[in-house]
Structures are given as C-alpha cells and as structure tokens.
Amino acid sequence: MKFSVDKFRHFEKNHHKPRSCYQNIPVNYRIIRDAPLSFKKIIPMKPTIAEKILCWFDQHGRKDLPWQLEISPYRVWVSEIMLQQTQVTTVIPYYHRFMTHFPDLESLAVAPLDDVLLHWAGLGYYARARNLHKSARLIHQLGQFPTSLDALITLPGIGRSTAGAILSIAFKQHQPILDGNVKRVLARYHAISGWTGDPKVERELWRLSTSYTPKQRTADYTQAMMDLGATVCTRSKPACPHCPIQADCLAHKNALTQQLPTPKPKQTLPIKECILTILMDQHQNILLIQRPPSGIWGGLWSFPEFSSLDDSLGWCVEQQLPVLESQILAPQRHTFSHFHLDYTPVIIKINNLNNNVMEANTRIWYKAAEINSLALPAPISRLVQQYIIENV
DNA sequence: AACTCGGGGAC
DNA sequence: GTCCCAGAGTT
C-alpha cells in the first residue's frame, strides 16, 4: 500500500503511540526520591491499579473514537451527554451528524431548539438535548467554557460524573468519574454487594474512584476505566483473562463476577394503553401534535393520543372533521424504563373542510412524505415507515 | 430517597 | 421477553 504524505500526517496526528506506564521509568520500577544518595536508584515496586490500567489502555484500549480525535471541551461535552445511558455504538452515528450540523459551541447556541431536537430524535432522554441547548446558550453568554467542577455542575445536564469526565479529558485536570463502567469495575474489584445506585454504595464507590484516579495521565485513565468496563469488565461474560487487575479482583477470586454488581431491585412495570390516531385528510396530510416540553417525548411531535377508539372518533366530530373511514391496526408495545405502553394505531381518513381550525402552533397538518423532517419519537417514526410512507 | 426521563444492544 | 447502558433533574 502506498503511504502518502497526507496519510502519514494523519497517522502521526491521530495515532496515539503506546507510552510507558511511568514516564521514563520502566514498568514496575520507581525511584525512591528521599532515599540517601547511595540508595537513590531505581528499585522494583508493585505497580498501582492506575498503572496497570493505563498499561492495558496503551496496548488494547480504543483511542480513535470520534470524540477522542480532535479533543475540545465542546466535543467532549457533547459526547459525554450523548453517552449518558447510551452505548457507544448507538451514539457514534448521532455524534457525527450532530457535529456536522453543530460544529462548535456558537452554532449550537444560536440554533433553534427544534433544530437541536430534530438531530437528537431517536436517541432518547430528550431532556438531555434541551439541557445541552440551554447550557450552550449559557456558556456562549459566559464567553468561555467553565473550567471548575462547581461551575460545570451548575449547568443543566452536567452532574458530578460528567463534570469529572469533561475536566479530566478536555482540561487535563485531576478529577474522578463514576459512571456505570467505573461502578462495575470497582464493585467487582472490591466485591462490593448492593445495587450501585444505592446512595450508600455510591458514596463508597466515589471514595474508591477518587483514591485510584492518578494525578498523572488522568485523561487517559478516565478513558481507560470506561473502556475497560465497556470491553473487558462487561456486565455479562466479562473477559477476566484479559483484565489488567484480575490478579487482585475479589469478585474473580471468589467467582462472584456473575452476581456483581448487584442488579437493581426490579419492579413489575405497569401497563398503560392508548390509541394513537393517524389522521389523514383527502390531500394525504397527516395531523401531528407537539407534546409538552417536559414528560414523555417532551417537545417531540406525535399523533393525537386517546384512551379509546370512541374517544378518537368523538374528537374528530368535535373538531368538525367528517370521518370517511377508519382502520384499526395491530397493537404494539413500547417499553419505557418505568412502564409498558401498549398502543393501538388507528388510521382515520377524514374530509378536512376547514384548514383554519388547525392553526395552533402545537398542531400541524404535515405532508405525509415530509413528516420525517420533524423530531419524532422512535415508535412514531416506526409507524410512519410502516403505514404512511408506503400508502403515499 | 424515590421517581422520572428512551431507545437500543446484548442475551 | 429481560436487563441495563459514558446519569441527571425533580419532588
């Protein structure tokens, strides 16, 4: 393969060279600085947890994820928000699209919220997008990205762990994190039982994370811990033989990796039912309503929702929309973190005699073929694909 | 301390 | 189907 100058520059710029775990000193050795001169030599020493993990990261960690390439506070911040409760492989395409559309802080700050939500649609937890947008305007107003823990935590959407990640990765500060990965690694390493969301367990894990976070190479350590949890110390079937701290891991030693961390105490989810009304007029326009800014699918566009078919037909009568025909479709289930939603889609074809009725800015008749340019929840987007696009 | 926020990957 | 993920905000 021809190795062009440009490719070489790209390689040189982006490829992280493996680094020694301890600067210029070989692994597993350290200088005793206060020793008498005659003894002031390199002596063998047991490597710390951080050193072992950094060594592993240098050899096996992922160092070319999109947000690891051109590191800036803005890019790290956006990635950390997207990665909250969302896996890396899910985030990557969204991150690329988002960065193309909002390449820097200012472009995000001046953008309308609807535009931000549109590029977030499908990723879930939409409060993250609203908070991201709100924070972008706050930071833009400040004139510079906050660089202290307290200032960052003040911003909506940034908690202690995300603040720690931003400060350590983007600003090279000595700050710990405690995300799901770090919780799992530490809970196993120390064989700590109890749900890691329990405040009591969480306090202990913060204490441990703080004590292990090194002052040198904090950014790499932060990435390393998350990567270790995501690729080796996984929830199911952890790859213990590849783990750099397996030797002292209490869970591994006691065959407890499968029981730890303790799963969240489960509750049986309540079931809610509704009718989702796909209202189509004679010009094949579809009625969409914008949901309230907070709550389920906050700010996104959806179909009118009713508790029964009678209610939805009755509503059409109220709105003076003569029903031509209605077709009940197969019910589907969407599961949220705290309840099941069993929804029955119904296509109601109506004769829209009066377009002026629908001019409130939370209601809109949209051309069927163009609905996808709105911010839709995933189940709604799915219905559009299933029942609308093919009919037009 | 308990609830509220999604969507999808892994199993 | 279930569990849970680079968590944070609200009450």
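In what follows, chains are A, B, ... by sequence order, proteins preceding strands, each numbered from 1.
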Chemist: Between Trp56(A) and His60(A), how do the two ring planes meet: parallel, tilted or perpendicular, split at 30° and 60°?
Modeler: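 Ring orientation of Trp56(A) relative to His60(A): tilted.
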Chemist: Please give me every residue in residues 291-301 of chain A whose heavy atoms get under 4.0 Å of an atom in DNA chain C, ordered by residue number.
Modeler: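 The stretch gives none, as no residue of it lies under 4.0 Å from the strand.
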Chemist: I'd like the P distance from dC11(B) over to dA6(C), given in whole Å.
Modeler: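 Those two atoms are separated by 13 Å.
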Chemist: Looking only at heavy atoms, which two atoms of Tyr125(A) and Trp120(A) are closest? And how far apart?
Modeler: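 Minimum heavy-atom contact is O-NE1, 3.9 Å.
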Chemist: Hey, could you give me each pair passing salt bridge (Lys or Arg N to Asp or Glu O under 4.0 Å) that has a residue in residues 166-189 of chain A? Not counting sequence neighbours.
Modeler: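 Every pair satisfying salt bridge (Lys or Arg N to Asp or Glu O under 4.0 Å) with a residue in residues 166-189 of chain A: Lys183(A)-Glu202(A).
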Chemist: Go along nucleotides 4-11 of chain C 5' to 3' and tag each nucleotide: B for a protein heavy atom under 4.0 Å from its base, S when only backbone or sugar atoms are that close, - otherwise.
Modeler: SBBBSS--
Chemist: Does anything in residues 285-309 of chain A form a salt bridge (Lys or Arg N to Asp or Glu O under 4.0 Å)? List the pairs, not counting sequence neighbours.
Modeler: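 Residue pairs with at least one partner in residues 285-309 of chain A: Arg291(A)-Glu305(A).
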Chemist: Nearest heavy atom decides the nucleotide; on that basis, is Pro199(A) or Thr335(A) closer to the 5' end of DNA chain B?
Modeler: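 Nearer the 5' end of the strand: Pro199(A).
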Chemist: Under 4.5 Å between side-chain heavy atoms, hopping through other hydrophobics if needed: is there a path connecting Ile289(A) to Leu376(A)?
Modeler: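 Each belongs to a different hydrophobic cluster.
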Chemist: For His101(A) and His119(A), take the angle between the two ring planes, folded into 0 to 90°, and tell me which bin it lands in: parallel under 30, tilted 30 to 60, perpendicular over 60.
Modeler: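 Plane angle between 30° and 60°, so tilted.
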Chemist: Would you mind classifying the nucleic acid contact of Ala127(A) as base, sugar-phosphate or nothing, using non-hydrogen atoms under 4.0 angstrom?
Modeler: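 Touches nothing.
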Chemist: Which sits closer to the 5' end of DNA chain B, Arg203(A) or Ser236(A), going by the nucleotide each is nearest to?
Modeler: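 Between the two, 5'-proximity favours Arg203(A).
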Chemist: When you measure from the centre of the six-membered ring of Tyr94(A), is the NZ or CZ of Arg97(A) under 6.0 Å away and within 45° of the axis?
Modeler: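 Yes; both conditions hold, so Arg97(A) lies above the ring face of Tyr94(A).
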Chemist: Can you see whether Ser135(A) engages Asn131(A) through a side-chain donor-acceptor pair at a distance of less than 3.5 angstrom?
Modeler: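 On atom types as modelled, these side chains do not qualify, holding no pair under 3.5 Å.
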Chemist: Under 3.5 Å, is there a donor-acceptor pair linking the side chains of Thr335(A) and His340(A)?
Modeler: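 Short answer, yes.
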Chemist: Of all residues at least two apart in sequence or in a different chain, which pass the ring pair (Phe, Tyr, Trp, His ring centres under 6.0 Å) check with Tyr189(A)?
Modeler: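 If we apply the ring pair (Phe, Tyr, Trp, His ring centres under 6.0 Å) test to Tyr189(A), skipping adjacent residues, there are no hits.
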Chemist: What range of DNA chain B does chain A touch, first nucleotide to last, counting atoms under 4.0 Å from its heavy atoms?
Modeler: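 Contact span on the strand: dA1(B) to dC11(B).
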Chemist: So what does Arg333(A) touch, heavy atoms closer than 4.0 Å: a base, only the sugar-phosphate, or nothing?
Modeler: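 Arg333(A): no heavy atom of the nucleic acid under 4.0 Å.
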Chemist: Would you say the side chains of Gln386(A) and Gln332(A) form a donor-acceptor pair under 3.5 Å?
Modeler: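 Looking only at side-chain atoms, Gln332(A) and Gln386(A) do form a donor-acceptor pair, the distance falling under 3.5 Å.
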Chemist: If you measure from the P atom in dT11(C) to the same atom in dG6(B), how many Å do you get, rounded?
Modeler: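 Comparing P positions in dT11(C) and dG6(B) gives a spacing of 16 Å.
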